Amino acid sequence: MHSAAPMEAGGSRPLSGVDLNLLVALDALLTERSVSAAARRLHLTEPATSRALGRIRRTTGDQILVRTGHTMVPTPRALEIQAEVSDLVRRAQAVFASVGMPDLTDLDRTFTILSSDMLIAAVGPDLLDRLAIEAPAVRIRFLPEPTPSADPLRDGTADLEIGEIDSTAPEIRVETLGADDAVLIVRVGHPLTTGPVTLDRVVTARHVVASRRGRFRGPLDDALAAQGLRRNVAVAVPSHTAALRMVAHSDLVGIAPRRLGRSALTAAGLAVLDLDLALPPLPVSLAWHPRNDADAPHRWLRTYLRDVIIAALSGPPVDASV
């Protein structure tokens with residue numbers, strides 16, 4: 001217990017000199033207007049509650065409750081502050097109460113999610129369909145994956161990141177959800193769709209790489225290098241959408257996820273090369289900052305995203321193989 005500091009005439013007491021537990025006792029006393037009833041409400045003994053009333057009187061410089069016959073009545077000062085005291089106690093309890101899930105039908109909030117364009121196209125429609133039913137006022141802002149020098153999860157400009165996580169911040173929570181198979185894709189009618197698909201023919205063809213950092217090399221190149229081969233990379237583009245579009249309208253060879261890219265590959269009329277080469281899998285993870293661990297709406301969205309992504313990874317693969 002803090003000792004009460006003397007009150008300067010006409011002044012206010014420093015908050016550090018006041019035992020804030022007295023607010024709870026004061027609220028109970030003003031509500032019950034009885035020391036014994038307030039003691040039962042506070043789960044204290046009557047002597048302890050009586051001592052609390054004494055401290056409140058010394059702290060406020062007012063009697064607060066005075067005995068009239070067999071009852072206690074509040075002073076004018078007590079009546080003046082009763083509503084404010086009750087509100088303060090209620091708000092303090094709300095601060096320290098565990099956060100529950102709000103009514104989703106009334107949840108009005110915008111969540112920002114970092115992801116590649118192909119993953120957005122793969123999981124976005126299903127996610128939004130679910131939100132439209134359960135949380136129609138929730139808005140989703142999808143943004144491109146960050147540059148190496150940025151860390152939106154850490155600085156709070158993004159709520160979640162999905163895909164291959166590049167954040168180097170040690171505190172970031174990363175949950176691996178699975179992986180998709182990487183496949184080589186070409187347009188229907190590409191020269192590689194006729195005759196046997198050999199590694200020599202594949203590496204001789206011109207390739208497009210989707211890299212937001214403009215890199216010409218990726219995991220496929222490491223797999224080829226292990227066999228003494230090197231592919232011909234003609235162009236690097238910043239998004240999978242741009243890569244697919246270039247593949248669909250040229251003789252370029254691209255890479256795409258077999259399951260997450262199913263709808264995009266089918267819509268673009270692309271074919272998957274049946275090649276005897278174990279391509280590195282494409283990991284898919286969910287990441288967030290620990291500041292959002294206990295936030296109920298954030299936990300709810302993480303659960304939704306987790307379910308949608310796992311369902312997409314478990315779906316049928318594109319079957320347009322050549």
Side-chain angles (χ1 to χ4, degrees), residues 115-126 144-145 162-164 177-285 309-322:
S115 182
S116 70
D117 55 339
M118 184 168 287
L119 189 50
I120 292 171
V123 305
D126 191 8
E145 296 166 299
I162 53 177
E164 186 173 2
L177 302 179
D180 202 355
D181 297 326
V183 292
L184 292 178
I185 54 170
V186 295
R187 66 173 176 83
V188 174
H190 188 284
L192 283 172
T193 61
T194 59
V197 182
T198 65
L199 280 176
D200 287 337
R201 292 184 68 198
V202 167
V203 297
T204 303
R206 289 159 60 84
H207 289 244
V208 56
V209 174
S211 170
R212 66 183 185 276
R213 302 179 186 178
R215 292 175 175 170
F216 286 96
R217 185 179 178 86
L220 171 60
D221 298 281
D222 296 331
L224 291 171
Q227 301 196 36
L229 297 172
R230 180 178 180 181
R231 63 174 171 161
N232 177 18
V233 178
V235 59
V237 295
S239 72
H240 292 284
T241 300
L244 291 186
R245 192 165 183 81
M246 295 187 76
V247 169
H249 296 281
S250 71
D251 283 342
L252 290 168
V253 179
I255 298 178
R258 184 185 291 273
R259 287 178 170 78
L260 293 176
R262 183 169 58 92
S263 60
L265 300 183
T266 302
L270 299 177
V272 174
L273 294 179
D274 187 8
L275 183 67
D276 185 19
L277 177 66
L279 301 181
L282 303 172
V284 181
S285 300
I309 292 172
I310 290 175
L313 289 172
S314 304
V318 64
D319 55 6
S321 298
V322 295

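Computed from a predicted structure; not experimentally measured.
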Where the side chain of Asp117 meets the backbone of Thr241, is there a donor-acceptor pair that is under 3.5 Å apart?
->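 Answer holds: yes.
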Donor-acceptor under 3.5 Å (Asp180 side chain, Leu282 main chain) |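 Pair absent, no side-chain N/O of Asp180 close to backbone of Leu282.
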Quick one: side-chain contact (heavy atoms from CB on, under 4.5 Å) partners of [X], sequence neighbours excluded?
X	answer
Arg217	Asp221, Asp222, Ala225
Thr204	none
Ile120	Ser115, Phe142
Ala243	Val208, Ala210, Val237

Flag if over 12 foreign heavy atoms under 6.0 Å of CZ, Arg201 =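 Yes, the 6.0 Å shell around CZ holds more than 12 heavy atoms from other groups.
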Could you measure the distance from the [atom1] atom of [X] to the [atom2] atom of [Y]? Nearest 0.5 Å is fine.
X	Y	atom1	atom2	answer
Ser285	Leu177	OG	CG	6.0 Å
Ser239	Leu244	OG	CG	8.5 Å
Ile309	Asp126	CD1	CG	10.5 Å
His207	Leu184	NE2	CG	6.5 Å

Heavy atoms, side chains only, cut-off 4.5 Å: are [X] and [Y] in contact?
X	Y	answer
Pro257	Met118	yes
Leu224	Leu199	yes
His240	Leu260	no

Closest non-hydrogen atom pair between [X] and [Y], with its separation:
X	Y	result
Ala248	Ala268	CB-O, 4.1 Å
Val203	Arg230	CB-O, 3.6 Å
Ala182	Pro280	CB-O, 3.6 Å
Arg215	Arg213	NH2-NH1, 3.0 Å
Ala234	Leu252	CB-CD2, 4.2 Å

Report all side-chain donor-acceptor pairs from residues 185-192 shorter than 3.5 Å, counting only partners two or more places apart or in another chain.
residue, atom, partner, partner atom, Å
Arg187, NE, Ser250, O, 3.1
Arg187, NE, Asp251, OD1, 3.0
Arg187, NH1, Gly189, O, 3.3
Arg187, NH2, Asp251, OD1, 2.6
His190, ND1, Leu192, N, 2.9
His190, NE2, Asp251, O, 2.6

For Asp200 and Leu229, run side chain to side chain contact (heavy atoms under 4.5 Å, CB included): C-alpha distance rounded to whole Å, both residues' side-chain angles, the deciding distance at 0.1 Å, then the answer.
-> CA-CA 8 Å; Asp200 287 337; Leu229 297 172; 4.0 Å; yes
Those residues that, when tested against Asp181, pass salt bridge (Lys or Arg N to Asp or Glu O under 4.0 Å) (two or more places apart) |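 Testing Asp181 for salt bridge (Lys or Arg N to Asp or Glu O under 4.0 Å), a comparison that skips the adjacent residues, returns Arg259.
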Mind running side chain to side chain contact (heavy atoms under 4.5 Å, CB included) on Leu279 and Arg258 for me, showing each step along the way?
-> CA-CA 11 Å; Leu279 301 181; Arg258 184 185 291 273; over 6 Å; no
